[in-house]
There are 2 protein chains.
Amino acid sequence: MSHPKLEVSPVARLFKALSDQTRLRIVALLSHGELCVCHVQAALKLPQPNVSRQLGILRSAGLVEDRREGSWVYYRLKPQADSDCERQIRGLVQGFAKDAALGREVERLLKSKGPGKCEAGR
Amino acid sequence: MSHPKLEVSPVARLFKALSDQTRLRIVALLSHGELCVCHVQAALKLPQPNVSRQLGILRSAGLVEDRREGSWVYYRLKPQADSDCERQIRGLVQGFAKDAALGREVERLLKSKGPGKCEAGR
DNA sequence: TGCCGATATATGGGTATCGGTATATACTGA
DNA sequence: TCAGTATATACCGATACCCATATATCGGCA
């Protein structure tokens with residue numbers, strides 16, 4: 001309240017959510033398509049609670065949205081209402097698109113996508 | 001080291017530096033031109049050690065560079081070596097450019113720029 | 001040298017964050 | 001209803017952060 005001008009909070013919230021290496025890697029994965037938690041878990045080789053927690057942080061920051069399908073919960077990047085945030089996200093995704101190894105990894109995950117396939121990579 | 005692929009650390013470092021409201025506001029100011037510490041201090045109405053510390057964080061993150069001129073130290077945005085970081089910064093600056101109030105504020109500061117003028121705004 | 005303004009750093013308290021482990025919830029199928 | 005899988009949350013200790021205050025450093029000038 002003390003600084004009516006120079007208010008930049010939506011972007012600050014965005015950057016705060018993206019200031020963690022793990023969350024950035026999740027966004028990098030999701031920039032190539034919707035994935036369920038266990039896919040992210042397999043891709044990043046991280047314990048499940050950690051992945052779930054980071055996804056929750058991204059969700060409450062409005063960066064991703066989720067969709068339940070049976071036992072599985074699929075996450076995807078969420079379009080940003082704030083135009084500044086949207087531009088930042090687009091720039092980020094544009095950078096990830098250049099990463100060939102990342103593309104291959106996500107492609108492999110997407111092939112094993114769907115119910116009953118979540119043991120991929122174990 | 002444990003994740004050779006999916007490495008996004010330079011951007012993560014950038015976002016971490018930008019994840020703070022105060023630092024974002026400083027970058028917003030500097031996006032309109034070089035300023036000395038006392039100008040930033042006056043613009044944001046923050047205690048001097050706070051401004052100096054946040055500027056130091058931005059500097060060690062490679063986001064700004066400084067130049068001493070007599071007693072005054074001027075800070076400016078630093079071009080990013082990493083192309084992803086450069087793109088994000090450009091997007092950010094582009095967003096700040098739309099802020100009319102911000103533009104007026106910086107203009108006022110720039111008019112009082114220079115040695116002996118740092119009492120501007122007090 | 002000594003003083004002064006500008007800037008930087010040190011210190012301490014309160015708070016937030018991160019990761020690991022354990023546990024809880026949600027859904028499916030028998 | 002029970003068992004099993006997928007996901008979320010609670011709790012904990014360690015660490016990192018933010019701020020305010022106090023102090024230190026630096027440059028200019030008398």
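Sequence lines set the chain letters: A, B, ... in the order given, protein chains first and strands last, and positions in each chain run from 1.
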_Gap between atom CZ of B:Phe96 and atom CG of B:Leu24 - 0.5 Å precision_ = 5.0 Å
*When you check the side-chain N and O atoms of B:Asn50 and B:Gln54, is any donor under 3.5 Å from an acceptor?*
yes
_Does C:dA6 have OP1 or OP2 under 4.0 Å away from a side-chain N or O of B:Ser71?_
no
*Give the rounded distance in Å between these two atoms: CD of B:Gln21 and P of C:dA16.*
16 Å
*To the nearest Å, give me how far apart OH (A:Tyr74) and P (D:dT7) are.*
8 Å
*Rounded to the Å, how far apart are A:Lys16 NZ and D:dA16 P?*
16 Å
*Look at A:Asn50 and C:dC18 and indicate whether a side-chain polar atom (N or O) is within less than 4.0 Å of OP1 or OP2.*
no
*Rounded to the Å, how far apart are B:Leu46 CG and C:dT7 P?*
15 Å
*Using atom CZ of B:Arg68 as one end and atom C1' of C:dA8 as the other, report the distance to the nearest whole Å.*
9 Å
*Does A:Ser52 make a side-chain N or O approach to OP1 or OP2 of D:dT7 shorter than 4.0 Å?*
no
*Sub-3.5 Å donor-acceptor pair from the side chain of B:Glu34 to the main-chain atoms of B:Arg76, do we have one?*
no
*asked:* Rounded to whole Å, please give me the gap between CD in B:Glu69 and C1' in C:dT7.
replied: 15 Å
*Write down the distance between CZ (A:Arg13) and P (C:dT17), rounded to a whole number of angstrom.*
13 Å
*Between A:Pro49 and A:Arg23, name the one whose nearest nucleotide on DNA chain C is closer to the 5' end.*
A:Arg23
*asked:* Base of C:dA6, side chain of B:Gln48 - is there a donor-acceptor contact under 3.5 Å?
replied: no
_So if I take every side-chain heavy atom of A:Asp20 and compare against C:dC18, D:dA8, C:dT7, which nucleotide ends up nearest?_
C:dC18
*Would you indicate, yes or no, if D:dA8 has its OP1 or OP2 atom less than 4.0 angstrom from a side-chain nitrogen or oxygen of A:Tyr75?*
yes
*Taking only side-chain nitrogens and oxygens of A:Thr22, does any of them come within less than 4.0 Å of OP1 or OP2 of C:dG19?*
yes
*Rounded to the nearest 0.5 Å, how far does CG of A:Leu92 lie from CZ of B:Arg87?*
8.0 Å
_Taking only side-chain N and O atoms of A:Arg53, does any of them lie within less than 4.0 angstrom of OP1 or OP2 on C:dT17?_
no
_A:Trp72 CH2 - D:dT5 C1' separation (whole Å)_ = 8 Å
*Same hydrophobic cluster for B:Val64 and B:Val93, using side-chain heavy-atom links shorter than 4.5 Å among ILVMFWY?*
yes
